[in-house]
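Data block below; observations after.
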Amino acid sequence: MASNCPECGSSNVVEDDLYSQRQWVCEDCGSVVSEGHLTTLLSDETQGRDVPYHASTEVVKKPCRNLIAGFVRVRALCRILRLSNAMESEVVSLFESAYNLPNFLHVTLTKKEILGGCCLLCVCRQRNWPVSMGTVGYLLGADNSAMGTVYQELTKSLNIQATTSGITDLMESFCYEFKLGPKQVEEVLSETPQRLLDRVSALIELAADTWIVTGRQPLPLIMGSVYVAWQSLNPMARMKYTFTTFCKIGKVPEQSWRKSRDTALKRVNELLEVLCKLGRELPWLRGVAVEHNTVATLVDDILKHRRALLLRAVKNYEQQLQNELSETQTTECDNDPSESNRSESSSSETPAVMSSDQAKCENPADEEATDCQLPPTHWGKRHLFLPPCVKSCKRQKVDVPQLEVTGDEDISDSEIESYIRSQDEIKLYLKAQKELKQA
Amino acid sequence: MDEEAALENYFDQTIAGSSDYIFEGDLGLQGPAPQLQDSSFLPSLTSQEKDLTEDLDLSFLPDELSTQDEPQQAENVNNNEDSGIYTEGPPREATEANTYTMNLACPLDLKSIALQARNAEYNPKRFAAVIMRIREPRTTALIFSSGKMVCTGAKSSEEQSRLAARKYARVVQKLGFPAKFLDFKIQNMVGSCDVCFPIRLEGLVLTHQQFSSYEPELFPGLIYRMVKPRIVLLIFVSGKVVLTGAKERSEIYEAFENIYPILKGFRKQ
């Protein structure tokens, strides 16, 4: 810049800053020779750069709007499920740490909502607070598969160990959902929750012993058990109500039972089947037929003595198998005489039912045409109570005889030729393709 | 005699409280303690059983002991605790499928392959590879334009997989491409088996929590991730087990040997 002061003519001009404004000042006389611009020009502004966030001095990052909305949603979920304050804060902190993980940061908003639900599920499981995945999914409007993928991703990323809540834990909260108190419905249909709960827990314990629970969705099973329990507590009056009617009486939210109605009915049938098998062992019945529609009156007795009845049923079944085994070993395969022999030798108190059971074993094709019987050498024949998936035998897998190959054999040309189209075929194929495209 | 005393001891300890023994703690709430006690008695009893069966009526004992009455299993009795593959039942095993990859080492024109081959399908909008199938051995292959190939379906042996791979290479050669047979590698083997008794999955997930994942609301089977060998097993209540993730057949057998005693501990009735 100019080195001579115009006022005094000295060459002692130095650069100085006044409030960040550059000035050239003469040292001798103090006059300002020239100064820089305080404001920026348009060219400076357009070429200049914004200060990025990481270079700024801001220390605490403000949470993004979605995270704040997520917190609100998660807290709402906790309040609906009536979690304690401590658990609620635990859920919120878990949600915060999960939200910022790389695999959850850039996902859709629905997935973030589901993530909130999964955090809640994790904390509940760790604290042994029974909540099923179905319930949380229902509150969020998400289905089990979506919940499942997010839940598994979450547990894997954060290394959370949380066990599934057993069906007995879920039962209690579920029972209270049915509004069947004395004030809510008429006298003959009402049931105190405690009484209902006792009956349902006994039924579910029985179901667990007889392989109805393992591997199945818990909610339809609980629904079915509640229905059977409710019916059995006052069979005379309640037998005529169907499952759907029962759900409407209990004012259960329609969405929860509507989609699993068929499954619940199947479970009801399985449960009644087990109850019938045990009912037949009751010594004071003496040959009265026990069927699905009459067993409700006997449920009280069956549940009271269920352990003894289970032992007895298994013992009788094994004895029956023993007899069958000895019969087939000694006599020829003669249906009629061996059947009469067996009915004489059996010591059970319900001979009519026993012989019908035997007839079932002998004539599977006639008796149960719809239900596929297991082949006679199947291991399932030895057990009276089996998981239903074993009993329903699907088409038997035909074992294709495996060829013994070395892997280095010659491959015949004709075989390979069979996989290749001839020229005529190609022409026909192209023609057909063209015609299809035009159509 | 020693044998009788031991047997009586066993009766007192288990059959006296027999109702508890068989049915209590079924949901795994009371832990697997009863089952583990039971299995420790079996080795001492197996030799004694055969002598005493004529004298005693054992029909009310739990199933695993009373089945030793049946003659065809007498010779397998002593193998009960050793090798899972030869016990009563018998647990059947089969290798279901191998998945392998291969390199044909030449770029391919998928459109012309799809046109000239009878057993090929190609839908570029859906997937960028030709799907080719051969009848013997029954396998399916995905052939990519780079010349790399993924094939699956060959049952039960590595030799069959190799034969199938060579056949695919031959077909591609016949279609006019200079295909070679390189980098044949088995990526995954799947096996399935049946232990022939129902399994208490709830109990298994409680005791082997760090390896198992059982979510009945999501999937009916229990997913067991074994550490050594690194195999994933799907265990179902019917007793069927699917093993996957193996690179060699020995790993599948080893995994089954490891899981069978564990599953026997969760057997009931």
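These numbers were taken from a predicted model, which means no experiment stands behind them. A note on names: the letters A, B, ... follow the listed sequences, proteins ahead of strands, and every chain is numbered from 1.
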Whatever's closer than 4.5 Å to a heavy atom in chain A on Gln173(B) counts as neither
[Y] and [X], any side-chain heavy atoms less than 4.5 Å apart:
X         : Y         : result
Arg200(B) : Trp211(A) : yes
Leu115(B) : Leu430(A) : yes
Val237(B) : Cys389(A) : yes
Val390(A) : Lys240(B) : no
Met147(A) : Leu218(B) : no

Shortest non-hydrogen separation from Gly215(A) to Pro220(B) and the atoms involved: O-CB, 3.2 Å
Is Glu202(B) salt-bridged to Arg216(A), going by a charged N under 4.0 Å from an acidic O? no
Check Arg135(B) with Glu415(A), please: is the shortest side-chain N to carboxylate O separation under 4.0 Å? no
Taking Lys167(B)'s backbone N and O only, do any of them form a donor-acceptor pair with Tyr419(A)'s side chain (distance below 3.5 Å, no angle check)? no
Any donor-acceptor N/O pair, Glu217(B) side chain to Met133(A) backbone, under 3.5 Å: yes
Please say whether more than 12 non-hydrogen atoms of neighbouring residues, nucleotides or ligands are located less than 6.0 Å from [atom1] in [X].
X         : atom1 : value
Lys174(B) : NZ    : yes
Arg118(B) : CZ    : yes
Glu425(A) : CD    : yes
Arg230(B) : CZ    : no

Side chain / backbone / both / neither for [X] at chain B, heavy atoms under 4.5 Å:
X         : answer
Thr155(A) : neither
Gln423(A) : neither
Glu417(A) : both

What distance separates [X] [atom1] from [Y] [atom2], expressed to the nearest 0.5 Å?
X         : Y         : atom1 : atom2 : value
Gln116(B) : Ile420(A) : CD    : CD1   : 7.5 Å
Ile134(B) : Ile416(A) : CD1   : CD1   : 7.5 Å
Gln217(A) : Phe219(B) : CD    : CZ    : 12.0 Å

